[in-house]
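Heads up: the structure comes next, in structure tokens.
When a ligand or atom number is given, it counts from 1 through the structure's own listing order. In this text, all values refer to a predicted model and were calculated from it rather than measured experimentally. Computed from heavy atoms alone, side chains included, the values below leave out hydrogens, waters and symmetry copies.
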Amino acid sequence: MSANPLAPEWLVHPEDANALAPEVWPSGAARAASGAIAIDGVEATALAAEFGTPLYVVDENDARSRAARLKTAFDDAFAAVGSTVKVYYAGKAFLSTEIARWMTAAGLNIDVCSGGELAVALAAGVDPARLGFHGNNKSRAEIDRSVGLGVGAIVLDSVVELDRVAEAAHAAGKVQAVRLRINSGVHASTHEYLATAREDQKFGIPLAEAPDVVAQIRAHDSLRFLGLHSHIGSQIFESDGFAEAARRLLVVHAELLAGGDVPELNLGGGFGIAYTSADVVTPIERIAEDFAQVVSSECTALGIPIPVVAIEPGRAIIGPSTVTLYEVGTTKDVLVSLAEERREETAIRKYVSVDGGMSDNIRPALYGADYAVRIANRVSDAGPALVRIAGKHCESGDIVVHADYLPGDITPGDLVAVPATGAYCWSLASNYNYLGRPAVVAVANGKARVIVRRETEEDLLSRDAGVTL
Ligand SMILES: Cc1ncc(COP(=O)(O)O)c(C=O)c1O
């Protein structure tokens, strides 16, 4: 069988459309004797029967061990150059009280960027001193609460906010530790909406303004300056962008030392993961070593001590740990004309519609993200067919997987699993078309348990003032 001409260039025609590429699936995923996909020993069929679909299934041991591996990699790399690291888990990627506890148990701090995320971290029992608070428009209430609780660091995003935090800390009789978010101007190679350090966007202040703004921070007795902060974007595979941002920030960091302490430097998150087999991921140990090397050599060149380096990855920890299970409702073979000079020719794309969609994974619609898919309840010998996994929403852009090959006998009632849905899927989920958001189930050592329950029809109606239940 040959490749379907409608397939994107990066998609390899598989020898076995049942195979689970290890780089894309959580470490606990495997085919069980029945042929079903199992996550840490629990088969997809059992998960769907007990908890329903769509369903986010988190491989707990995978998430915990990625957190631990990342921390060890950075601890070791920075110890080798005589410094230390603070790792924050970026809660925006996927936060629940249980996930927050896994992260703190692995020795990570937690980064939040709203009062809601703060509430989840507190409900998980996270010590406020281990929290960082982000965001380009924190409300006064969020600032007051953070200061009052003793949140470890507030990342200032503007001068307006600097004054607000100083006032809040002064009024509370506290000294609040702050970082200053810089827009380094480094253009990371990633999708435009994921790149956060281009000049024409809302985050941070230009590097050239940092000395003046830091002087303003230092002028307030109620603020303690921790250091500069940079986050250049997300889903980045190469170290070059991070290295360039670190170099640019360290030059200013060195200047700032003339005016007082600058104990830390925060280089953000953004490490890429494999969504499909076409994504080639740099091992985290290599990234950590690159970070440590560039920071240490730059500090040596500038003649300054190496600061404590903070990082805040989300996707690289939680993204690969999760798969979303769906049930197939309908399938449809659609005859499609080829592009450009081959318009006279046609090929078939099989549309497979599932019981979720853009409400549980907005990323393909939001920025064209690619995912992979496999039949989850069985294996099949049928030849591979090019499929598009569509959701059930009233938008033609409601796509979960733009292109992959599945056994051509995929049929209504089958389960499919989409891997690498741990980051920015549940956290960006919506109730579009009044679909209840799916449950989140954690699987570990052959046991599955709900860590966030499914939204019910009652939940959906509960805020409608016109409903008398
Ligand atoms: C400031 C900041 N830090 C960290 C992150 C986490 O990025 P990632 O999940 O790609 O590691 C983000 C993501 O948007 C961010 O905006």
Enumerated ligand 1 atoms positioned under 4.0 Å from heavy atoms of [X]:
{"X": "His134", "value": "1 (C)"}
{"X": "Pro313", "value": "11 (O)"}
{"X": "Gly269", "value": "4 (C), 11 (O)"}
{"X": "Arg181", "value": "1 (C)"}
{"X": "Ser234", "value": "7 (O), 8 (P), 10 (O), 13 (C)"}

Checking Arg130 against Tyr88: charged group under 6.0 Å from the ring centre and within 45 degrees of the axis?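 No, a cation-pi geometry is absent between Arg130 and Tyr88.
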Between Glu312 and ligand 1, is there a nitrogen or oxygen pair with a distance under 3.5 Å?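 Yes; the residue has a nitrogen or oxygen that sits under 3.5 Å from a nitrogen or oxygen of the ligand.
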Gly270, any N or O under 3.5 Å of ligand 1 N or O: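 Between Gly270 and ligand 1 (N or O atoms, distance only) the closest approach is under 3.5 Å.
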Is any NZ, NE, NH1 or NH2 atom of the basic residue among Asp144 and Arg140 found under 4.0 Å from an Asp or Glu carboxylate oxygen of the other?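 The answer is no: the pair does not qualify as a salt bridge.
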Asp404/Arg374 salt bridge by N-O under 4.0 Å criterion: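 Yes.
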Ring center gap for His134 and His231 short of 6.0 angstrom: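 No, the ring of His134 stays outside the 6.0 Å limit from the ring of His231, centre to centre.
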Less than 6.0 Å separating the ring centroids of Phe271 and Phe242?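 Centroid distance Phe271-Phe242: below 6.0 Å, so yes.
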Option with minimal heavy-atom separation from atom 5 (C) of ligand 1, where the choices are Gln235, His229, His231: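 Comparing heavy atoms across Gln235, His229, His231, the nearest one to atom 5 (C) of ligand 1 lies in His231.
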Under the rule for side chain to side chain contact (heavy atoms under 4.5 Å, CB included), what residues qualify as partners of Asp261, not counting sequence neighbours?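 Only Pro263 meet the side chain to side chain contact (heavy atoms under 4.5 Å, CB included) criterion with Asp261.
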Could you tell me which residues satisfy ring pair (Phe, Tyr, Trp, His ring centres under 6.0 Å) with Phe225, sequence neighbours excluded, listed by chain and number?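 Counting only residues at least two positions away or on another chain, Phe225 forms no ring pair (Phe, Tyr, Trp, His ring centres under 6.0 Å).
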How does Arg315 reach ligand 1, if at all, at less than 4.0 Å between non-hydrogen atoms: by side chain, backbone, both, or neither?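 Looking at Arg315 and ligand 1, atoms from backbone and side chain both fall under 4.0 Å.
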At a non-hydrogen distance cut-off of under 4.0 Å, which region of Tyr424 contacts ligand 1 (side chain, backbone, both, or neither)?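 It is the side chain that gets close, since no backbone atom is under 4.0 Å.
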